[in-house]
Number of protein chains: 2
Amino acid sequence: MATIDDVARKAGVSKGTVSSVFSKKRPISQQVTERVLEVAKELGYFPNHIARSLSIKKTMIAGLRIPLSSDGTMSAFDSQMINGVIKECSKQGYRVLLDTLPEQDDPTLFSQDPVDGIIMLNPRKNDTRIGRYNQMGIPLVLVGRPDPLDDSISYVDNNNTEAAYQVGDYLLRSGHKSVLFLNASSDMTVAYDRKNGLMEAFRHHGLPFSEEHVMHYNRKLHVSGTEYGYMSIMDTFEAMNYSAVITDTDRVALGVLRAARELGIEVPERLSVIALSNDATLAQEINPKLTSVELSADLLGAEAAKLLIEKMNDMSMNRQVIIHAKLVVRESCSTQNSS
Amino acid sequence: MATIDDVARKAGVSKGTVSSVFSKKRPISQQVTERVLEVAKELGYFPNHIARSLSIKKTMIAGLRIPLSSDGTMSAFDSQMINGVIKECSKQGYRVLLDTLPEQDDPTLFSQDPVDGIIMLNPRKNDTRIGRYNQMGIPLVLVGRPDPLDDSISYVDNNNTEAAYQVGDYLLRSGHKSVLFLNASSDMTVAYDRKNGLMEAFRHHGLPFSEEHVMHYNRKLHVSGTEYGYMSIMDTFEAMNYSAVITDTDRVALGVLRAARELGIEVPERLSVIALSNDATLAQEINPKLTSVELSADLLGAEAAKLLIEKMNDMSMNRQVIIHAKLVVRESCSTQNSS
DNA sequence: AAGGGTTATTAAACCGGTTTAATGATCGAA
DNA sequence: TTCGATCATTAAACCGGTTTAATAACCCTT
């Protein structure tokens, strides 16, 4: 590859001049510009992004840290989130660096990434990385609230507690007395928040809430979301007494529907299904159309990107954005059940 | 941020020594190593990835160029492909830079990316970028074959022609005489290859092939894949005479199924559906379970990553990988139709 | 005690850009 | 004609690492 020096030499000008021709930060006369561009073309010269980044201390790259499950696949939620991030970043001229490498805890090996800021998914409890990024002066935005809550950190999240309350309220109002909740993995804050919301709804309606009716997704037990839904119904429908199921994702709901078909349970007549949806288009295409809560993962991603870019421009800025998840009633819930 | 100089000064050693402590490329005595690490910790020093990249001329980043549709969303195929790329890259210590920015054709603005190599999706006909990357000496791997074919380029692709032939053969054997093909966008090589495969099957069975029965996805007409499927059936079922539909993706099949439900057409009794699937788990979860061709986008991605890493280590290396797409019979096709 | 062979460390050059401060050229006004 | 102002260009320093060639320190042998 030709360098800026090669161009400068051949065009008979200085490095600085060539630099200015390309960056346009300083006006260069018509003639000189033309000669430089011509030589550059001749030599096949393109500015080196890394050298430039080193100099201006900016890479125009946003880092996106996603913890992948052990089998290396990402969920529909992840995928839509990424989509949102990319969309917003592209719009503002940023590229996105995906990082799924397990974090090295050996600081000797820990090397700063070539990014101007970082969006981090599913922060852990008391996540030490948050402090580390702060110390390094790298702008950070979380997707999913920090635990414990901390409003000196920028983050975006759904109104999980409220959404779960809403779902519970809707089901109980419709006459359901007992509900199976196929919740997310128990180590996630969303799982905790949602359970609280649902409990609150039961309390509000003066009905007893059974912890046993809350399942948690478990990597070791379930090979996939659909399998989680399928197995949970197969295992519990006989033994437990419920007339409605709330599922963690649309995929889980697909598994529930398959189990219902095999057991000859009519949906929604004998079993109502509500999905906490991460795939807006899927819910309306399956039969029966799924009543669901739209989480808008893409919006979460886009907002996270906006927040990050804001923060890159002003480190002192931090903000929290709550994406309103709301119930969309379709066909998978009965409204006059009272089993 | 503290720099290597700060550490060197405070530890009373030279830059080079500090560098060696972190990179471990040269042995440094026990005592010196300890003092340097201690000072580094004290100062909160982490090696600067960009400076390091500039010096060693390697970033350990693979670029992934995906053309996003105008609404900025990616398809399930894209998403799975990315998944595969990430999985393989992570395994080998590479990170992935997603680039969806439209390519600047103004060479003044065109800046080399901070990547060691590039995986490019859906190359265009006579894609000028291929030559450009070659000229810049950047390792390149395509996902989707180059057009025209060129075996001096590394790429991965499905055996599209063959797969389409297989599908056609299966349907014609089953007694179908007329098939609607909801093909991909007409500017894609896959669309071309698949059509050829299908035509070949008709020829082989001595049946007439009607160009009118091949539709192409069109961004301007269809808001989504499902809508494409839905509308195509609604518009043509009465007028055209077909007993089977081949769809570009599972989502398109979902639209077809919805249209069938609304028109009271039984699947598979009166209409058979086969999806060229990009979402393995979805096909088996919907009702009826979709007979489909598994494209294994994740495998394509993983293979592309492998090829790229190979090529980064040896520029002269180039290889082509064909991922075998094969028909999986489930429930959505009748086998004794002859309408 | 001097010479030869290791080994550990350093100073300086280098990677390929940007930017600052200084220089040179050009022009209009006094 | 000369001075000052404006503008284009340049030389050199800088960004934060790696690496090479030279030096210094050490150990062992004769």
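Since the model is a prediction, treat every value here as computed from it, not as a measurement. Below, all heavy atoms of this structure are taken into account, side chains as well, without hydrogens, waters or symmetry copies. Chain letters run A, B, ... following the sequence lines, proteins first and then strands; every chain starts at 1.
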Which side-chain N or O atoms in residues 7-14 of chain B pair as donor and acceptor under 3.5 Å with protein atoms at least two apart or in another chain?
| from | atom 1 | to | atom 2 | distance (Å) |
| --- | --- | --- | --- | --- |
| B/K10 | NZ | B/E42 | OE2 | 3.1 |
| B/S14 | OG | B/G16 | N | 3.4 |
| B/S14 | OG | B/T17 | N | 3.4 |
| B/S14 | OG | B/T17 | OG1 | 3.2 |

Legend entry - Heavy atoms from other residues, nucleotides or ligands near CD of A/E38 exceed 12 (cutoff 6.0 Å):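 For A/E38, atom CD is not crowded (no more than 12 foreign heavy atoms under 6.0 Å).
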Inset, instruction - By nearest nucleotide on DNA chain D, pick out whichever of B/L54 and B/T17 is the more 5' one. - result: B/L54
Legend entry - Residue mapping more 5' on DNA chain D - nearest nucleotide basis, A/S29 or A/K57: A/S29
Need one value for [X]: base, sugar-phosphate or nothing, where a base atom within 4.0 Å counts as base even if backbone is also close, heavy atoms only.
X: A/I28; result: sugar-phosphate
X: B/V18; result: nothing
X: B/K25; result: sugar-phosphate

Taking only N and O in the side chain of [X], is any of them less than 4.0 Å away from OP1 or OP2 of [N]?
X: A/T3; N: C/dG16; value: no
X: A/S20; N: D/dT9; value: no
X: A/S19; N: C/dT18; value: yes

Legend entry - Under 3.5 Å donor-acceptor pair, A/S55 side-chain atoms to C/dG17 base atoms: yes
Inset, instruction - Report yes or no: is there a donor-acceptor pair, N or O only, under 3.5 Å between the side chain of A/K15 and the base of C/dG16? - result: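 It does not, because no donor-acceptor pair links the side chain of A/K15 to the base of C/dG16 below 3.5 Å.
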Legend entry - Interatomic distance where CD1 belongs to A/I56 and P belongs to C/dG16 [whole Å]: 17 Å
Inset, instruction - Send over the distance from B/R52 CZ to C/dG16 P, rounded to a whole Å. - result: 16 Å
Legend entry - Summary of salt bridge (Lys or Arg N to Asp or Glu O under 4.0 Å) pairs that have at least one residue in residues 54-63 of chain A, sequence neighbours excluded: none
Inset, instruction - Using only heavy-atom distances, determine whether the side chains of B/T189 and B/D147 contain a donor-acceptor pair under 3.5 Å. - result: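 No, no side-chain donor-acceptor pair sits under 3.5 Å.
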